[in-house]
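In what follows, a single structure is set out as structure tokens and then discussed.
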Amino acid sequence: MLEPHERAPDETMASTNTDELIAQLRELQREGEAAVQTAPDAATLEALRTLYVGRKGRLTTVLRRLGELSHEERPVVGAEANRVKEALAAALDLRETALAPAATADAGLDLSLPGRGRWTGGLHPVTRVIDEVCDIFRDLGFARVAGPEVETVEYNFTKLNTPLDHPAADMHDTFYLSDAVVLRTHTSPAQARVMEAFQPPVRVVVPGMAYRRDPYDASHAPAFAQIEGLAVDEGITFRDFKATLSEFVRRFFGPDAKTRFRPSFFPFTEPSAEVDVSCRLCAGRGCSACKYTGWMEIMGAGMVHPRVFAAVGYDAERYTGYAFGMGAARIAMQRYGLPDIRLLYEGDMRFLGQFT
Ligand code: 2NL
């Protein structure tokens, strides 16, 4: 009995083997492609690659039987085997590409996501206004100082010539912590402390939070940032007061900004004034922002009342001076064209993120 490869070519047997092998190869391709196309992950795919086209895989097993064929028939089956091998290799590669993004997603990476922006911090618009205002006054000779937010009734009202039956001192308009202690209603008590600690000349700006029992609406907040200023020396006049504040307005709002002083009343100044700036939006022509007046109110001010000097131990015959106070958020609203003060006190990053 001859071994198969020693057998003489036999037409019938050979063609039987050829047909069988070609049928096997086609079945291998069909089965392999089906398995590859539904492979759920890369590991399964690799196993299939080994199983079908690997060195000891099923395709190799079929190829080993090429020896059973005649020299004429070998190339026919060989060519078919190559075709199947290439078809399977192509199917494997295609599936590998299809599975690739899922594989990186498994590793916690999704390369198709848009990049993350760098988080850039910025100063709050109210802080910016405070810094800008204080910088301008620094150039004009004013030091920046701070004082306590919890104050005595004595410093918050009495020393500022505000009697306790004044409406501002009413229980209903002030946060009392006890009969004698309040959340300061303005930063003025800090200036009173400065005057008690230093003899004139004194020039200070005092930014800080102040508290009033106000409604929380588009133009009021019960906790608000204030900036006050005070200048005291021998010979300070109403002209110094007007000139200094007009210069501040030009530096803060622009060289063509006009300043208007309207008579007013505060218990701690005499005479007192409201200070207006020509509307930045309509240049004084009148628009909805300035309620068609052409002017926007920016601060209250006046010459320091002699009784305030007396209360802090200054010689009111020798010294004169001026003082002013403004709401930092109100100024920020005008500077940035904001319709509602609450935008500045609610920490919404959709709004604040625009200030970087
Ligand atoms: C306003 C008005 C003002 C003052 C504050 C002051 C302080 C001392 C003495 C005298 Cl120690 N005056 N401050 C004067 C006038 C007005 O503020 O509308 N603030 C938001």
Side-chain angles (χ1 to χ4, degrees), residues 126 129-130 133 137 142-143 145-148 151-152 154-162 166-169 173-174 183-214 219-233 236 238 240-242 244-245 248-249 260-277 296-314 316 319-334 341 344:
V126 170
V129 162
I130 288 172
V133 168
F137 278 105
F142 291 68
V145 302
E151 267 292 2
T152 60
E154 177 79 5
Y155 278 89
N156 193 77
F157 295 121
T158 315
K159 286 178 190 277
L160 293 161
N161 194 39
T162 309
H166 188 279
D173 291 319
T174 301
L183 292 184
R184 67 182 180 189
T185 61
H186 42 193
T187 69
S188 312
Q191 289 98 284
R193 292 178 184 280
V194 166
M195 288 189 280
E196 288 184 337
F198 299 94
Q199 285 299 303
V202 159
R203 287 191 198 85
V204 289
V205 274
V206 188
M209 295 303 289
Y211 305 85
R212 293 180 191 173
R213 204 177 164 284
D214 276 342
S219 54
H220 298 83
F224 62 101
Q226 209 200 7
I227 310 169
E228 289 207 20
L230 171 75
V232 185
D233 202 352
I236 289 187
F238 199 73
D240 299 311
F241 163 66
K242 288 183 72 178
T244 305
L245 292 185
F248 161 72
V249 164
R260 181 173 80 170
F261 296 82
R262 267 183 301 121
S264 186
F265 173 83
F266 299 105
F268 27 77
T269 47
E270 178 60 31
S272 302
E274 301 287 346
V275 182
D276 299 338
V277 57
M296 297 197 299
E297 189 179 314
I298 55 161
M299 65 173 115
M303 301 303 289
V304 179
H305 199 292
R307 284 203 209 124
V308 173
F309 285 147
V312 298
Y314 276 7
Y319 298 116
T320 51
Y322 56 87
F324 52 89
M326 60 189 118
R330 292 252 171 104
I331 307 284
M333 287 171 75
Q334 284 158 7
I341 201 166
L344 293 167

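For this chain, numbers begin at 1 and follow the sequence in order. Whatever order the structure lists them in is the order used to number ligands and atoms, beginning at 1. Bear in mind that the values here come from a model prediction, so they are computed numbers and not experimental data.
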Next item on the list: Measure from the ring center of Y319 to the ring center of F309 and say whether it is less than 6.0 Å.
Entry: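 No, too far apart.
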
Checklist line | Working for side-chain hydrogen bond (donor to acceptor under 3.5 Å, both in side chains), residues E196 and Y155 | finding: CA-CA 11 Å; E196 288 184 337; Y155 278 89; 2.4 Å; yes

Check: What's the spacing between S272 OG and R262 CZ if we round to 0.5 Å?
Finding: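 Spacing of OG (S272) from CZ (R262) equals 12.5 Å.
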
Check: Going by distance alone, is a donor N or O of one side chain under 3.5 Å from an acceptor N or O of the other, for T244 and Y322?
Finding: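 Note: T244 and Y322 side chains meet the donor-acceptor criterion.
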
Checklist line | Amino acids in close contact with ligand 1, where any non-hydrogen atom sits under 4.0 angstrom away | finding: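 Contacting ligand 1 under 4.0 Å are L160, S188, Q191, M195, Q226, E228, F266, F268, T269, G300, A301, A323, F324, G325.
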
Check: Under the criterion side-chain contact (heavy atoms from CB on, under 4.5 Å), which of V205, T269, I298 is the partner of F324?
Finding: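 With F324 as partner, V205, T269, I298 yield a single side-chain contact (heavy atoms from CB on, under 4.5 Å), made by V205.
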
Note to self: One thing to verify: whether E270 and R307 come together as a salt bridge, which I'm taking to mean a side-chain N less than 4.0 angstrom from a carboxylate O.
What the structure shows: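 So R307 does not pair with E270 through a salt bridge.
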
